Amino acid sequence: MLTQAPKGTHDILPDEIDKWIFVEQKFAQICRRFGYREIRLPVFEHTELFQRGVGDTTDIVQKEMYTFEDKGGRSLTLRPEGTAGVVRSYIEHGMASLPQPTKLFYNITAYRYEKMQKGRFREFHQLGVELFGAADASADAEVISLLVLFFDSLKIKNLTLNLNSIGCPECRAAYNQKLKDFLADKIGNMCETCKERIDRNPMRILDCKDEGCRQHLKEAPVLLDHICDDCRVHFEKVTQKLQEIGIHHEIDRGIVRGLDYYNRTVFEFVSRNIGSQGTVCGGGRYDGLIETCGGAPTPGIGFAIGVERLLLEMESQGIGIPAQPGPVIYLGSIGEKAEKLCERLAWELRSEGITCIKDIMGRSVKAQMKYADKLGARYALIIGDNEVESNKASLKDMKTGEFKDISLDTLIDRLVKIRETD
RNA sequence: GUGGGUAUAGCUCAGUUGGUUAGAGCGCCAGGUUGUGGCCCUGGAGGCCAUGGGUUCAACUCCCAUUACUCACCCCA
């Protein structure tokens, strides 16, 4: 227990950190290219924010939140997702009076008390974007195009973009009623999950995988056919714009994001290679959310990418990242005088910005060379009494195995030059 | 929340129908004459065999429970 990370969490070890940094930097780069600026927020917020924002009836709020009371008696919750916090910050800091629209991106951990499986954790990482103030379908299309560009930049192929419109609160309520009416005489013969869903979230029934249920659903009314004119026009504009920039997508009438705040456009990027939790990215429009959270009526749209899933997908596609270079030089020493000299040299090298590893174990030359090799050092230099005496040493090129005699006075200049040309 | 699978060294795994000092490969450390890595050879360290019960003369091995890991349902990123 003591030596085990809590269930659903995982360490990101030095061997894998480069992949994370690579992905995070790529994301930030693409976001900035679209005019987004980074925002960093607290890991926990007032519980009420999520109850209101994410929605009281959602699974997330009902059974998945890490909620606790602090010593001042406040109820706080580890964020289960990113949007609510960003919305809170947007309102709190009056970002509505910034030049509009407001474009923000973030890189966060999120927390949900879930049973874990492949691609699903209790602490997980999300890269996300929120765009406030733009109601037009152009915003939807641009946000999606950002994602496409991001995935392209990582060389990820074959993610399916699924798109749907779940209408506005008014047309959705009307549709739900139609769906219930349609199912009224069939629900008795359908599976248990569907029976539960009919009251809680009737639309999810359309997503049921049970063969029997599917039969009953063949003639079911489709939400897209029943959304109001405004919503339909909006959706048509989104798909049309995607087509114009050549972004392939599929209409998936089954997509219903699990968070209450979504309206109109919802979308996800799905993989088939990474297990049953294949949604690498989920997002959508949330035009009512800012108002719900106490701000002025403001349209919004955003998405979140599951970084663990993204990395799984990259791995399944065999996508590597550029290797990080090892240290420029290893400074080995024999004896106390030499060690002292190395200390000074190492200090100077590092001050010049050169990555330098020196012996601090007092090991044999052979052991030191082995170590230098394992570190991937580009050069190695062993200093003993002779070198201290003559102020010269033999610089070994670890790739070719060749030696070059050099004066220690010129070592730094030499390495600086090598670094510039390498 | 509901199911299935798994649990032996840092990692990947052996371990006979229950039988006494628990093994390999990789990794780690040290050597293979004087002060130079990769290949090879030798040696060493490192396991309460997940934990707690039970059966038995005897349990890593069989049974039960717990915990953890894992996959799926559900839900979602």
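All of these numbers come straight from a predicted model, not from anything done at the bench. All heavy atoms count here, side chains included; hydrogens, waters and symmetry mates do not. Reminder, nothing fancy here: chain letters follow the sequence lines and each chain counts from 1.
In this structure, the NZ atom of A:Lys118 is 20 Å from the P atom of B:A77, given to the nearest Å. If you measure from atom CD1 of A:Ile255 to atom C1' of B:A77, you get 14 Å, rounded to the nearest angstrom. In this structure, A:Asn162 places its CG atom 15 Å from P of B:C76, rounding to the nearest Å. Regarding A:Asp11, its CG atom lies at a distance of 12 Å from the P atom of B:C69, rounded to whole Å.
Here A:Cys356 contributes atom SG and A:Arg350 contributes atom CZ; the two are 5.0 Å apart, rounded to the nearest 0.5 Å. From A:Asn158, atom CG reaches atom CZ of A:Phe269 across 13.0 Å, with rounding to the nearest 0.5 Å. From A:Cys171, atom SG reaches atom CZ of A:Arg264 across 8.0 Å, with rounding to the nearest 0.5 Å. To the nearest 0.5 angstrom, A:Ile329 atom CD1 is 12.5 Å from A:Leu375 atom CG.
Considering only side-chain atoms of A:Asp59, the nucleotide from B:C75, B:A68, B:A77 that sits closest is B:C75.
Using a 4.0 Å heavy-atom distance criterion, A:Phe121 is classed as a base contact. Within the nucleic acid shown, A:Ala304 comes within 4.0 Å of sugar-phosphate atoms alone, with no base atom in reach, counting heavy atoms only. Across all strands, A:Gly332 comes closer than 4.0 Å to no nucleic acid atom at all (heavy-atom distances). Within the 4.0 angstrom heavy-atom criterion, no nucleotide atom of any strand lies near A:Gln368. Residue contacts shown for A:Val280 are limited to sugar-phosphate atoms, with no base heavy atom under 4.0 Å away.
Sorted by first then second residue, the salt bridge (Lys or Arg N to Asp or Glu O under 4.0 Å) pairs that include residues 317-342 of chain A, not counting sequence neighbours, are A:Glu339-A:Lys358.
In this model, the phosphate group of B:C76 is not approached by any side-chain N or O of A:Thr279 to a distance below 4.0 Å at OP1 or OP2. A:Thr58 has no side-chain polar atom (N or O) that falls below the 4.0 Å cut-off from OP1 or OP2 of B:C75.
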Strictly under 3.5 Å: I want the nitrogen or oxygen pairs between protein and nucleotides 47-52 of chain B, one per line.
none

Dump every N/O contact between nucleotides 1-4 of chain B and the protein below 3.5 Å, one line per pair.
| from | atom 1 | to | atom 2 | distance (Å) |
| --- | --- | --- | --- | --- |
| B:U2 | O4 | A:Lys115 | NZ | 3.0 |

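Contact of the A:Ile382 side chain with the A:Met369 side chain is registered, since non-hydrogen atoms from C-beta on lie closer than 4.5 Å. Under the 4.5 Å side-chain criterion, counting only non-hydrogen atoms from C-beta, A:Ser89 is not in contact with A:Val86.
For the P atoms, the distance linking B:C57 with B:G1 amounts to 41 Å, nearest Å. A gap of 23 Å separates the C1' atoms of B:U21 and B:U17, to the nearest Å.
Between A:Tyr330 and A:Tyr379, a ring centre-to-centre spacing not shorter than 6.0 Å is recorded. Aromatic ring centroids of A:Tyr286 and A:Tyr261 lie under 6.0 Å apart.
Checked by atom type and distance alone, the side chain of A:Asp252 never pairs as donor or acceptor with a backbone atom of A:Leu163 at under 3.5 Å.
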Fill in the blank from the handout: Contact string for nucleotides 25-40 of chain B, one letter per nucleotide 5' to 3', B = base within protein heavy-atom range under 4.0 Å, S = sugar-phosphate only, - = neither, reads ---SSS-B--BBBB--
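A donor and an acceptor atom sit less than 3.5 Å apart, one in the side chain of A:Gln117 and one in the base of B:C74. Residue-to-nucleotide contacts include a donor-acceptor pair under 3.5 Å from the side chain of A:Gln277 to the base of B:C75.
Legend: residues meeting salt bridge (charged side-chain N to carboxylate O under 4.0 Å, His left out) with A:Glu123, ordered by chain and number and at least two apart, are absent.
Side-chain contact, A:Asp181 with A:Gln177: a donor N or O sits under 3.5 Å from an acceptor N or O.
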Problem - Per-nucleotide pairing state of RNA chain B [Watson-Crick or G-U, under 3.5 Å; [ ] pseudoknot-crossing; | other strand] - result: (((((((..((((.....[...)))).(((((.......))))).....(((((..]....))))))))))))....
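Between A:Phe34 and A:Ser145, the closest heavy-atom pair is CE2-OG, 3.5 Å.
Remark: A:Arg112 is not positioned above the aromatic ring of A:Tyr66, lacking an NZ or CZ atom under 6.0 angstrom from the ring centre and at most 45 degrees off the axis.
By the 4.0 Å N-to-carboxylate-O rule, A:Lys157 lies too far from A:Asp152 to be salt-bridged with it.
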